[in-house]
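Here the structure is laid out as structure tokens; the discussion comes afterwards.
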Amino acid sequence: MTAYSGRGVHGQTVAALGARIVAGEIGDGVVLDLAELGRELDVSMTALREALKVLAAKGLVEARQKRGTYVRSREHWNLLDSDVIRWRSEAGDTAEVLRDLAEVRAVLEPAAASLAARRRTDQDLAELDAALADMRTAADPAAEVAADLRWHRGLLRATGNQMLTRMDVFIEPALRLRDALVHGHSADDPVPSHAAVVDAVRRGDPEAAAAAVSALLTKASHDVAEVIGESEGGQ
């Protein structure tokens, strides 16, 4: 492999090894030959060890005395890490990632919307309205994704629960993958379904807010199924 460029040696090394592990090209329990990897990837031992520290933090590898650095099994991976999600998608697990995301959102977001309807402040409503405005004016898929993420973060913050607010750390990477896949494929305007949630939150109606989010999630799952079906049909 030629010397890395663009993202830098460190980032490229992390990406190269992480993608191979997630794809199963380097199997569970395999002890890594660092000298051989260094030669193959054309990186210094220092750069390789730094990359392995990053992968260890993601749960992909572990270093032990007398054993060396080895690949960990999937149950140890940080499946909510944005890089791991991307590598899983590149390895063909997109449908599974998006299914898991849909189930997490179905558990979390209706309850969050109900709580937001009880606790929202004027500042929370202003942020949700601003996110809706971003959706209306988004000129490209990247802007649409950013607006959608802003809206979901705003809804979680409106719960007034600090732990729920931080749940964006868990759902954002997979949500970004889902939005990147769906936006640009669906001709439907996303604003009305999101606005229905905001209207219920503004009225202080917990049941209506939860129902509006459930309807939004049902539509989102339908959009994903259509896009994945089109992709599989074209293979």
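No experiment lies behind these values; they were computed from the predicted model shown.
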Open item on the list: Nearest 0.5 Å, please: how far is CG in D189 from CE in M135?
Closed with: 9.5 Å
- [ ] Return the set of residues passing side chain to side chain donor-acceptor pair (under 3.5 Å) with S89 (not counting sequence neighbours), or none when no residue passes.
- [x] T94
TODO: Please say whether more than 12 non-hydrogen atoms of neighbouring residues, nucleotides or ligands are located less than 6.0 Å from CZ in R72.
DONE: yes
Task: Shared hydrophobic cluster, W77 / Y70 (ILVMFWY, side-chain heavy atoms < 4.5 Å) - done: no
Task: Listed partners of A211 passing side-chain contact (heavy atoms from CB on, under 4.5 Å), at least two apart - done: none
Task: Any donor-acceptor pair under 3.5 Å from W87 side chain to L17 backbone - done: no
Open item on the list: Test of understanding: with side-chain contact (heavy atoms from CB on, under 4.5 Å), list the residues that count as partners of S221, not counting sequence neighbours.
Closed with: A102
Open item on the list: Is there a continuous path of hydrophobic side-chain contacts, each under 4.5 Å between heavy atoms, that joins L155 to L108?
Closed with: no
Show me the side-chain donor-acceptor pairs of residues 161-170 shorter than 3.5 Å, one per line, residues at least two apart or across chains.
{"from": "N161", "atom 1": "OD1", "to": "M163", "atom 2": "N", "distance (Å)": "2.9"}
{"from": "N161", "atom 1": "OD1", "to": "L164", "atom 2": "N", "distance (Å)": "2.9"}
{"from": "T165", "atom 1": "OG1", "to": "L156", "atom 2": "O", "distance (Å)": "3.4"}
{"from": "T165", "atom 1": "OG1", "to": "N161", "atom 2": "O", "distance (Å)": "2.9"}
{"from": "R166", "atom 1": "NH1", "to": "D168", "atom 2": "OD1", "distance (Å)": "3.2"}

- [ ] Scan for salt bridge (Lys or Arg N to Asp or Glu O under 4.0 Å) pairs involving residues 110-126, sequence neighbours excluded, and state none if there are none.
- [x] none
TODO: Indicate the atoms forming the closest heavy-atom contact of P110 with V213, along with that distance.
DONE: N-CG1, 3.7 Å
Open item on the list: If the condition is side-chain contact (heavy atoms from CB on, under 4.5 Å), which residues does V54 pass it with, not counting sequence neighbours?
Closed with: H10, V14, K58
Open item on the list: Using a 4.5 Å cut-off between side-chain heavy atoms of Ile, Leu, Val, Met, Phe, Trp and Tyr, which other residues end up in the same hydrophobic cluster as V107?
Closed with: none
TODO: Please report the shortest heavy-atom distance between S114 and A210, naming the atom on each side.
DONE: CB-CB, 4.4 Å
TODO: Indicate yes or no: at least one non-hydrogen side-chain atom of L128 is less than 4.5 angstrom from one of W151.
DONE: yes
Open item on the list: For a quick test of reading the model, state the closest non-hydrogen atom pair linking G38 to L48 and the distance between them.
Closed with: N-CD2, 3.9 Å
Open item on the list: Test of understanding: with side-chain contact (heavy atoms from CB on, under 4.5 Å), list the residues that count as partners of R105, not counting sequence neighbours.
Closed with: L101, E109, H152, L175, R178, L216, L217, A220
- [ ] Run the salt-bridge test on R153 and E127 with the 4.0 Å N-O cut-off and return the result as yes or no.
- [x] no
Task: Residue pairs passing the side chain to side chain donor-acceptor pair (under 3.5 Å) test where at least one lies in residues 202-216, sequence neighbours excluded - done: D129-R202
Task: Closest non-hydrogen atom pair between A19 and E90, with its separation - done: CB-OE1, 4.5 Å
TODO: Look up atom CG in L60 and atom OG1 in T69, then write down how far apart they are to the nearest 0.5 Å.
DONE: 12.5 Å
TODO: Salt-bridge test for R67 and E62: reply yes if a basic N is under 4.0 Å from a carboxylate O, no otherwise.
DONE: no
Task: Closest approach of L41 to T13 (non-hydrogen atoms, all atoms of both residues) - done: CD1-CG2, 4.1 Å
Open item on the list: Within this structure, what is the OG1-CZ distance for the pair T121 and R157, rounded to the nearest 0.5 Å?
Closed with: 10.0 Å
- [ ] Take atom CD of Q123 as the centre, draw a 6.0 Å sphere, and report whether it contains more than 12 heavy atoms from other residues, nucleotides or ligands.
- [x] no
Throw together a table of side-chain donor-acceptor distances under 3.5 angstrom for residues 190-199, partners on residues two or more places apart or in other chains.
{"from": "S193", "atom 1": "OG", "to": "P190", "atom 2": "O", "distance (Å)": "3.1"}
{"from": "H194", "atom 1": "ND1", "to": "P190", "atom 2": "O", "distance (Å)": "2.7"}
{"from": "H194", "atom 1": "NE2", "to": "D148", "atom 2": "OD1", "distance (Å)": "3.3"}

- [ ] Return the minimal non-hydrogen interatomic distance between A117 and A209, and the atom names on each side.
- [x] CB-CB, 4.2 Å
Open item on the list: Which residues pass the side chain to side chain donor-acceptor pair (under 3.5 Å) test with S73, not counting sequence neighbours?
Closed with: E75
For residues 25-35, please give each side-chain donor-acceptor pair under 3.5 Å, one per line with the distance, not counting sequence neighbours.
{"from": "D33", "atom 1": "OD1", "to": "A35", "atom 2": "N", "distance (Å)": "3.3"}
{"from": "D33", "atom 1": "OD1", "to": "E36", "atom 2": "N", "distance (Å)": "3.1"}

- [ ] To the nearest 0.5 Å, tell me how far L98 CG sits from I85 CD1.
- [x] 9.5 Å
